[in-house]
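As the structure is a prediction and not an experimental result, all values here were calculated from the model.
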Amino acid sequence: MTPPPEPDHDEARVAELQAVLDSVTDAIIVLDRELAIQSFNTAAEQMFGRSKNSLRGHPLPLLMPPPAVRQIDAALATLTGPDHRPRMVMAGEMPVRRADGTEFIADVRISRTGADVGSRFTMIVRDVTESHMAFDCLEAMNRKIAESLSLQQTVLEGTSCAVIACDTEGRIVLFNAGAERMLGYAAEEMLFRATPLCLHDDAEIAARARELSDELGVAVEPGYAVFSAKSMRGLADEREWTLRHRDGRPVPVLLSLSALRDDAGQVSGFVGIAHDLSEARRLEEMTSDFVATVSHELRTPLTSIRGAIRLLAADASSLSAPAARLLEIADKNCSRLATMVNDILDLEKIDRRSMQFDCRPHSLAQVIDEAVRSLQPFADSFAVRVDWQAPAGDWQAVIDAGRITQVAVNLLSNAIKFSPRRSCVTVGIGHAAGGLRVSVRDCGPGIAEDFRSRIFGKFAQAGSAGLRGHGGSGLGLAISKAIVEQHGGTIGFDSAVGHGSEFYFELPFESVAAA
């Protein structure tokens, strides 16, 4: 029996080699000594968009552009030189065009495969377009980061605010130029050597610790914890502090504290931004002094003018009707001006925190009753009825009766002015959580949505819906809010445009006025 023929070992080796070449992702092109293409793997077909059959035997310039061919020639000269020692050279990166016209960047390396110099060459081509794009993106990102860091540094050094950052243990890790100017310390003295506690008064730290303990319901120890307690909980922490300058003088600031977090969301430190209030305080004091002086100086001539007008009006029988009418108008304007002067003085006392309170147990119902009675002639002039029935029972609260009367008069007079003729203003008193509530409801046009956030502001006057047509300084509600809050209470309103408004204030049974 004749044995089967043995397989051609050369053919098997070629097939195996071709399989290996077709499995790699780099393009592999075999060239002869005249740079004619002899072999072309599958990756090369995909990379160049050409079939191996269409290129086999053709010169390399059919596949590569002239600049690339020149680079390859230079590399081959190294391989075929006199010493011909290197077995592989890098031709470098070069732009190459595919069959469909698109371009890519190729990294080309050439090796000598034959034993004889220049017999055959293997060219390995790798598409590095994406690597270049990634590198370009990385460079662009680095430029952006550098620009961002430069911008941050410029902002930090150029701002007038003090920016101080600390790690979780309280060590100062950032002390900008604004902090140096504001507090007189050099950054080198503070960085990694001190904590913000050296800039604060111990008594103020202790007082803040007590405030935070009450507010958060947990014990906050005096120390660095007073700066981190709220920020650690994600709460806003902005308040006024008094810092100490290096020379010992106090520096009033508005300090905003925030937590710094790492990529995992963990707190890595804290940053404080302090705005110097020294100049603002000085200007406020100058303004308050000016307002107080002008207001006090206006009181004396106003008193004389009102006295003279009322003396003349007392003998109305000797005056003509037009003259009597003019005196009546003058008297009303004097009264209005006197009210405005008193409001300005009250506001100045509030700003200075010098408004005095004499808090004693009083019947709140009786206080409201007296306010309603005092405004009855005013309501009659507007043809508005005040619906109020003094309730029976104990309505005791610890209050300054005169100041609470002032609040009730402000709310009632506004309600009367805004209500249409022959309408009704309703006044009520009732119990609230832990105290008493007084409400005043009118039948007016309501409060416009865009004005509601400003209604308790100084000199606040509504436009078309509001106060300008009814006179007033625009200070009544601001003063009322301050008085109620000094009693430990709250003031607010409910309103619907076209359906009137209800203003109310609530006082605790044991109201405590601020010193």
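- Ring-centre distance between Phe104 and His132: not below the 6.0 Å cut-off.
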field: Check against salt bridge (Lys or Arg N to Asp or Glu O under 4.0 Å), Arg246 and Glu189
entry: CA-CA 11 Å; Arg246 184 170 187 167; Glu189 300 176 77; 2.6 Å; yes
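- A salt bridge links Glu328 with Arg325: at least one charged nitrogen is closer than 4.0 Å to a carboxylate oxygen.
- When all heavy atoms of Ala162 and Ala179 are compared, the closest pair comes out as CB-CA, 3.5 Å.
- Closest approach of Val440 and Ala415 over heavy atoms only: CG1-CB, 3.7 Å.
- Looking at Ser258, its side chain never comes within 3.5 Å of a backbone N or O of Val271 through a donor-acceptor pair.
- Defined by atom type and a distance below 3.5 Å, a donor-acceptor pair is missing between the side-chain atoms of Glu180 and Asn176.
- Using a distance-only test at 3.5 Å, with no hydrogens or angles considered, a donor-acceptor pair links the side chain of Asp400 to the main chain of Asp358.
- Taking all atoms of both residues into account, the shortest heavy-atom contact from Gly500 to Ser495 is O-OG, 3.4 Å.
- A salt bridge links Glu215 to Lys230: one of the charged nitrogens lies within less than 4.0 Å of a carboxylate oxygen.
- Met190 pairs in a side chain to side chain contact (heavy atoms under 4.5 Å, CB included) with only one of the listed residues (Ile164, Leu199, Leu183, Val173), which is Leu199.
- A salt bridge is absent between Arg239 and Asp237; no separation between the charged side-chain nitrogens and carboxylate oxygens falls under 4.0 Å.
- Between the side chains of Arg373 and Gln376, not a single donor N or O lies within less than 3.5 Å of an accepting N or O.
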With a 3.5 Å cut-off and sequence neighbours excluded, list the donor-acceptor pairs that the side chains of residues 423-438 form with protein atoms.
residue, atom, partner, partner atom, Å
Ser423, OG, Pro420, O, 2.4
Arg437, NH1, Glu506, OE2, 2.9

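- Atom CD of Glu279 has more than 12 heavy atoms from other residues, nucleotides or ligands within 6.0 Å.
- For His245 and Tyr185, the gap between ring centers reaches or exceeds 6.0 Å.
- For Asp167 against Phe270, the heavy-atom pair with the smallest separation is O-CD1, 4.3 Å.
- The two residues Val409 and Ala371 come nearest to each other via the heavy atoms CG2-CB, 4.0 Å.
- Residues Asn410 and Ser480 bring a donor and an acceptor atom of their side chains to less than 3.5 Å of each other.
- Between Glu93 and Arg126 there is no salt bridge, since no side-chain nitrogen of the basic residue lies less than 4.0 Å from a carboxylate oxygen of the acidic one.
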field: Stepwise side-chain contact (heavy atoms from CB on, under 4.5 Å) check, Glu240 with Arg281
entry: CA-CA 12 Å; Glu240 292 185 10; Arg281 291 278 177 83; 2.3 Å; yes
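- Under 4.0 Å is where a charged nitrogen must lie from a carboxylate oxygen, and between Asp450 and Arg452 no such pair does.
- Ring geometry, Phe227 versus Trp241: the interplanar angle falls from 30° to 60°, so the pair is classed tilted.
- No donor-acceptor pair under 3.5 Å is formed between the side chain of Arg306 and the backbone N or O of Ala330.
- Arg244 is linked by a salt bridge (Lys or Arg N to Asp or Glu O under 4.0 Å) to nothing, counting only residues two or more places apart in sequence or in another chain.
- Without hydrogens or angle criteria, His487 side chain to Ile483 main chain gives a donor-acceptor distance under 3.5 Å.
- A perpendicular orientation is assigned to the rings of Phe456 and Phe503, their planes being inclined by more than 60° (bins at 30° and 60°).
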